[in-house]
Amino acid sequence: MIIIDGKKVAADIRSELKDKISQLKAEGKNVPGLVAIIVGDDPASQIYVASKGKACEEIGMRTKTEKLSADISEAELLTLIQSYNQNKDYHGILVQLPLPKHIDEDRVIETISPKKDVDGFHPISVGNLVIGKDTFASCTPAGIQELLMRYKIETKGKHVVVVGRSNIVGKPIANIMLQKADGANSIVTIVHSAANDISYYTKQADILIAAIGKAEMIKADMVKDGVVVIDVGINRIHDPTKAKGYRIVGDVDFENVSKKASFITPVPGGVGPMTIAMLLSNTFKAYKLYGE
Ligand code: NDP
């Protein structure tokens, strides 16, 4: 059984991007840039945006955070996004979600130029993914495929069972794995809460992707021997032995499922670190395609 080290893969990706950006600087070229727009002062969102900014700085990427007050109007926010759509120094635009209730999230996402949609949430990016065109895939699913590829896990003809059908994980990873392409070309099943017995499906998985948001829901008797397990879940469970009073676990009962698995991602340290790495990677791609 091999534990997939997402921390290491993410560090490798960052280091590869850092080298490419150093090369651009040495050649006197413009560098890729990412602007993060955050509305209001939700502490979790502030932490996410700060860590994205820090990750950009570490690899020499241009970065800026636009902190807007919670009562900014939707029109002002859209105008700001439009100005960044025209800005040649920022190749990726990220709007941290969720947004305050008076702002229409869909309208905001649709205002971001698809050429700068490094989060991959724009309907054009989603549509391109579905029809198999090169596009920006959203970062967590893109990170899952990257892990599979870097660990040279065969995906062609394999049965991938995805538990969860959210727009940010379940649906996009299912569409990625369905593509007739390297690192994909899989037979894909998507399972969700309407299934009577999800184990009927999970037991058939060669590659099981759990994106449920339910602590340790996937048990050892729900998978077959040799399964590859990708655990996307991030769940807090009460743990008085920890200073914070809780610990983070995935959607998979790691201790027992790992005994049957051929490969498995831990939580934390599996899929989690890949999300920011893929955001950086998508921003570099936007620069190469449209901004160099
Ligand atoms: P959502 O809550 O949006 O979606 C959860 C999905 O799981 C839904 O499709 C739901 O079904 C399905 N589901 C829930 N309960 C069951 C059940 N008992 N049986 C079968 N299916 C079920 O979550 P997300 O996709 O946004 O996130 C999933 C997990 O991944 C969370 O723990 C989240 O924190 C984590 N996450 C981690 C990221 C990272 O590592 N960077 C990034 C994003 C998410 P239905 O549609 O029918 O309601």
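FYI, the numbering just counts along the sequence from 1. We count ligands from 1, going down the list as the structure has it; atoms in each ligand are counted the same way.
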Novice: Taking only heavy atoms of V169, which atoms of ligand 1 are found under 4.0 Å from at least one of them?
Specialist: 25 (O), 43 (C), 44 (C)
Novice: Which atoms of ligand 1 have any heavy atom of G213 under 4.0 Å away?
Specialist: 28 (C), 29 (C), 31 (C), 32 (O)
Novice: Do you know which two heavy atoms are closest between P98 and S45, and how far apart they sit?
Specialist: CD-OG, 4.4 Å
Novice: Quick one: look up the protein heavy atom nearest atom 4 (O) of ligand 1 and list residue, atom name and how far away it is.
Specialist: S166 CB, 3.8 Å
Novice: In this structure, does ligand 1 have an atom that sits under 4.0 Å from one of the heavy atoms of M274?
Specialist: no
Novice: Please name the pair of heavy atoms, one in A184 and one in Q179, separated by the smallest distance, quoted to 0.1 Å.
Specialist: CB-O, 3.3 Å
Novice: Is A211 in contact with ligand 1, taking contact as a heavy-atom separation below 4.0 Å?
Specialist: yes
Novice: Which residue and atom name correspond to the protein heavy atom nearest atom 48 (O) of ligand 1, and how close is it?
Specialist: S193 OG, 3.7 Å
Novice: Side chains of Y287 and K29: is there a donor and an acceptor less than 3.5 Å apart?
Specialist: no
Novice: Among N235, I212, N167, D231, which one puts a heavy atom closest to atom 2 (O) of ligand 1?
Specialist: I212
Novice: Looking at E58 and K54, is any side-chain nitrogen of the basic one under 4.0 Å from a carboxylate oxygen of the acidic one?
Specialist: yes
Novice: Side chains of Q86 and Q82: is there a donor and an acceptor less than 3.5 Å apart?
Specialist: no
Novice: Of all the non-hydrogen atoms in the protein, which one sits nearest to atom 12 (C) of ligand 1, and at what distance?
Specialist: G164 CA, 4.0 Å
Novice: Quick check on contacts: which atoms of ligand 1 are under 4.0 angstrom from a heavy atom of M217?
Specialist: 17 (C), 18 (N), 19 (N)
Novice: Name the closest protein heavy atom to atom 33 (C) of ligand 1, giving the residue it belongs to and the distance to 0.1 Å.
Specialist: I234 N, 4.2 Å
Novice: If you measure from each heavy atom of A195 to ligand 1, is any distance below 4.0 Å?
Specialist: no
Novice: Considering heavy atoms of the protein only, find what lies nearest to atom 36 (N) of ligand 1 and give residue, atom and distance to 0.1 Å.
Specialist: V232 O, 3.7 Å
Novice: Decide, yes or no, whether a salt bridge links D206 with K224 under the criterion of side-chain N to carboxylate O below 4.0 Å.
Specialist: yes
Novice: Check ligand 1 against G272 and write out every atom of the ligand that is under 4.0 Å from a heavy-atom position of the residue.
Specialist: 40 (O)
Novice: Which atoms of ligand 1 have any heavy atom of K214 under 4.0 Å away?
Specialist: 14 (C), 15 (N)
Novice: Under 6.0 Å from the ring centre and within 45 degrees of the ring axis: does the NZ or CZ of K285 meet both conditions for the six-membered ring of F136?
Specialist: yes
Novice: For a salt bridge (Lys or Arg N to Asp or Glu O under 4.0 Å) check, start with the C-alpha distance between E66 and K64, then their side-chain angles and the critical distance, and finish with the verdict.
Specialist: CA-CA 7 Å; E66 292 278 2; K64 187 173 179 182; 3.7 Å; yes
Novice: In terms of heavy-atom contacts, does NZ of K18 have more than 12 from other residues, nucleotides or ligands at under 6.0 Å?
Specialist: no
Novice: With a cut-off of 4.0 Å, which atoms of ligand 1 are near a heavy atom of I168?
Specialist: 26 (O), 43 (C)
Novice: May I ask whether V191 has any heavy atom positioned less than 4.0 angstrom from an atom of ligand 1?
Specialist: no
Novice: Quick one: which ligand 1 atoms are inside 4.0 Å of a heavy atom on T275?
Specialist: 39 (C), 41 (N)
Novice: Under a single-linkage definition using a 4.5 Å side-chain heavy-atom cutoff for Ile, Leu, Val, Met, Phe, Trp and Tyr, are I234 and M217 assigned to the same hydrophobic cluster?
Specialist: no
Novice: Starting from atom 8 (C) of ligand 1, find the nearest protein heavy-atom neighbour and note its residue, name and distance.
Specialist: R165 N, 3.9 Å
Novice: With a 6.0 Å cut-off (strictly less than), is the heavy-atom count around OH of Y290, excluding the residue itself, greater than 12?
Specialist: yes
Novice: Examine the proximity of ligand 1 to I198 and report which part, side chain or backbone, both or neither, has a heavy atom under 4.0 Å away.
Specialist: side chain
Novice: Who's the nearest protein heavy-atom neighbour of atom 42 (C) of ligand 1, and how far?
Specialist: T140 OG1, 3.3 Å
Novice: Could you check whether any side-chain heavy atom of L147 comes within less than 4.5 Å of a side-chain heavy atom of F263, counting everything from C-beta outward?
Specialist: no
